[in-house]
Amino acid sequence: MPELPEVEVIARGLDATLAGRTVVDAEVPGLTRLSEPAETLVPKVVGRTVVRVYRRAKVLLVGMDDGSTLVFHLKMTGRVVHGARRAAGRHDRILFGLDDGSQLVFSDMRKFGYVRSFTPEELAAWDFLKRAGPEPLETVPGELARRIRGRRSAVKALLLNQSVVAGIGNIYADESLFRAGLHPETRGDRIGRAKAVELFTHLQDVLRLAISENGSSISDYVNAHGDAGAFQNSFNVYGKKGGKCVRCGGTLRAVKVAGRTSTFCPKCQRKQ
DNA sequence: CCAAGCACCTGACGGC
DNA sequence: TGCCGTCAGGTGCTTG
């Protein structure tokens, strides 16, 4: 579920509360298929102290005092929430007890997400991160624009392609295409340099705004403390098929691009 | 190399 | 009520 802003908000919240905390035990009702097996994961994590929590692409990373890193990918419905100790819920996959009596819980209704522990060497060799493109908030729009230049794929597919730019998913792709006035099926090689720079400038604006609003909550997302985000109230197009365009008053349409629903305004976002 | 389609899972919702 | 189809913040594998 979570895209860059949601994972960023979770990481910031956890960094503030988890730094210096030591993992004292783990309860494993049942991990997801893509997770590291509990037999190897739990011994690597119990006894370790958290140094910092951060994000790269859509991945949540917890750096430990022995140099290892606990990695979470939340996919569509994953959550990582810190709070008071409680009994395992229906979708909880692993619950870490901490030295101050609190608890860190990974839950995931659809079981697409995962948790793994890596040594520094394993993390450096991890294909997923090696393939990931640049961070959109740490790269100038001109450089991001260069990465779609001459590409024949639809711009929506390019935005969702994690090796082009990291961390963008369906919400923030649709919202930035609307702001830039670009049809989702416009090919990368049909977008002029100035328009491409404009697109990535809008993308940065949308991402920063979403982070400041605590992310977007459609159904599952909550931050590190279990609170919902508010940016869903600022959506212009995502999930609004059949609704009115805020700019021209026309009716929003949806098409499938790269297998994903893409909602747009046919008047304001013409195919180039 | 690229694009499309499906697979992985569970739950919510709309139509009949 | 219930059954069925469709859809969902993502990624990865197979196929053409």
Side-chain angles (χ1 to χ4, degrees), chain A residues 1-11 29-35 55-60 71-81 89-93 106-116 126-133 136 147-148 150-178 184-189 203 206-207 209-211 213-223 227-242 254-263:
Chain A
M1 148 220 85
E3 306 181 30
L4 184 156
E6 291 74 35
V7 182
E8 180 65 26
V9 168
I10 294 169
L31 277 168
T32 57
R33 194 174 52 89
L34 296 175
S35 290
R55 175 198 61 78
R56 166 78 173 108
K58 295 171 191 168
V59 174
L60 183 69
V71 162
F72 295 91
H73 199 309
L74 306 182
K75 294 286 182 81
M76 300 285 267
T77 54
R79 297 178 173 194
V80 175
V81 175
R90 176 162 167 71
H91 303 302
D92 292 347
R93 309 303 172 195
F106 169 55
S107 49
D108 186 4
M109 181 186 79
R110 289 175 72 181
K111 303 183 190 171
F112 291 167
Y114 53 80
V115 52
R116 301 171 190 169
W126 189 23
D127 269 350
F128 184 90
L129 290 188
K130 286 208 291 186
R131 280 199 305 266
R147 299 178 66 83
I148 65 166
R151 308 247 342 209
R152 290 164 19 140
S153 305
V155 62
K156 172 70 181 278
L158 292 168
L159 288 175
L160 294 178
N161 183 336
Q162 298 298 295
S163 66
V164 172
V165 53
I168 310 310
N170 214 26
I171 292 176
Y172 299 103
D174 278 9
E175 292 298 322
S176 46
L177 288 170
F178 173 77
E185 290 175 311
T186 307
R187 287 163 39 152
D189 59 3
L203 176 66
V206 169
L207 295 175
L209 208 51
I211 291 169
E213 295 277 316
N214 207 17
S216 304
S217 294
I218 310 300
S219 60
D220 293 279
Y221 167 74
V222 289
N223 71 11
D227 312 315
F231 191 68
Q232 67 279 7
N233 302 318
S234 303
F235 290 169
N236 287 313
V237 287
Y238 179 83
K240 293 182 176 290
K241 173 187 170 184
V255 289
K256 289 268 184 199
V257 185
R260 316 296 304 282
T261 297
S262 302
T263 310

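Note that this is a predicted model, so its numbers are computed, not measured. Each chain gets a letter, A, B and so on, in the order its sequence line appears, and its residues count up from 1.
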To the nearest 0.5 Å, what is the distance between [atom1] on [X] and [atom2] on [Y]?
X      : Y      : atom1 : atom2 : result
A:S217 : A:E6   : OG    : CD    : 7.5 Å
A:I171 : A:Y238 : CD1   : OH    : 5.0 Å
A:F106 : A:S35  : CZ    : OG    : 5.5 Å
A:I218 : A:F231 : CD1   : CZ    : 10.5 Å
A:K111 : A:H91  : NZ    : NE2   : 9.5 Å

Subject >> From CA spacing to verdict: side chain to side chain contact (heavy atoms under 4.5 Å, CB included), A:S176, A:L159 >> reply: CA-CA 10 Å; A:S176 46; A:L159 288 175; 4.3 Å; yes

Distance in angstrom units between [X] [atom1] and [N] [atom2], rounded:
X      : N      : atom1 : atom2 : result
A:N161 : B:dA4  : CG    : P     : 13 Å
A:R93  : B:dT10 : CZ    : C1'   : 9 Å
A:L129 : C:dG10 : CG    : P     : 17 Å
A:L158 : B:dC2  : CG    : C1'   : 11 Å
A:K111 : B:dG11 : NZ    : P     : 9 Å
A:R151 : B:dC1  : CZ    : C1'   : 10 Å
A:K156 : B:dC2  : NZ    : P     : 20 Å
A:R260 : C:dC7  : CZ    : P     : 13 Å

Subject >> Stepwise side chain to side chain contact (heavy atoms under 4.5 Å, CB included) test for A:V115 and A:T32 >> reply: CA-CA 8 Å; A:V115 52; A:T32 57; 5.9 Å; no

**OP:** Check every strand shown and say whether A:K241 touches a base, only sugar-phosphate, or nothing at a heavy-atom separation below 4.0 Å.
**Re:**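 Touches nothing.
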
Original post:
What is the nucleic acid contact for A:T32, judged by heavy atoms within less than 4.0 Å: base, sugar-phosphate only, or nothing?
Top reply: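 No contact.
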
Nucleotide nearest [X] (side chain, heavy atoms from C-beta), chosen from [options]:
X      : options                : answer
A:Q162 : B:dG11, C:dG10, C:dT11 : C:dT11
A:E3   : C:dT11, C:dG10, B:dC9  : C:dG10
A:T261 : C:dG10, C:dC7, B:dT10  : C:dC7

**OP:** Would you please enumerate the stems DNA chain B participates in, each stem being three or more consecutive Watson-Crick or G-U wobble pairs with both distances under 3.5 Å?
**Re:**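 DNA chain B forms these stems: B:2-8 with C:10-16, B:10-16 with C:2-8.
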
Original post:
What interatomic distance, in whole Å, is found between P of C:dC3 and the corresponding atom of B:dC9?
Top reply: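 To the nearest whole Å, 24 Å.
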
Subject >> Whole-Å P distance, C:dT1 and B:dT10 >> reply: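 About 25 Å, rounded to a whole number of Å.
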
For nucleotides 12-14 of chain C, list the nitrogen or oxygen atoms of the protein found under 3.5 Å from its nitrogen or oxygen atoms, one pair per line.
from	atom 1	to	atom 2	distance (Å)
C:dG12	OP2	A:R131	NH2	3.2

What N/O pairs connect the protein and nucleotides 6-8 of chain B at under 3.5 Å? Give each pair on its own line.
from	atom 1	to	atom 2	distance (Å)
B:dC8	O3'	A:R33	NE	3.4

Original post:
What closest approach, in Å, do A:K58 and A:L4 show between heavy atoms, and which atom pair accounts for it?
Top reply: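 Taking every non-hydrogen atom into account, CG-N, 4.2 Å.
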
Original post:
Between A:V237 and A:E175, what is the shortest heavy-atom contact and its length?
Top reply: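 Scanning both residues, the minimum pair turns out to be N-OE2, 2.9 Å.
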
**OP:** Could you walk me through whether A:K256 and A:T261 pass side chain to side chain contact (heavy atoms under 4.5 Å, CB included), step by step?
**Re:** CA-CA 5 Å; A:K256 289 268 184 199; A:T261 297; 3.4 Å; yes

Original post:
Going through the distances and angles, do A:F112 and A:L34 end up as a side chain to side chain contact (heavy atoms under 4.5 Å, CB included)?
Top reply: CA-CA 7 Å; A:F112 291 167; A:L34 296 175; 5.9 Å; no

**OP:** Over 60° means perpendicular and under 30° means parallel, so classify the ring planes of A:Y114 and A:W126, tilted if in between.
**Re:**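 Judged by the thresholds at 30° and 60°, the geometry between A:W126 and A:Y114 is perpendicular.
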
**OP:** Would you indicate, yes or no, if B:dG11 has its OP1 or OP2 atom less than 4.0 angstrom from a side-chain nitrogen or oxygen of A:H91?
**Re:**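 Result: yes.
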
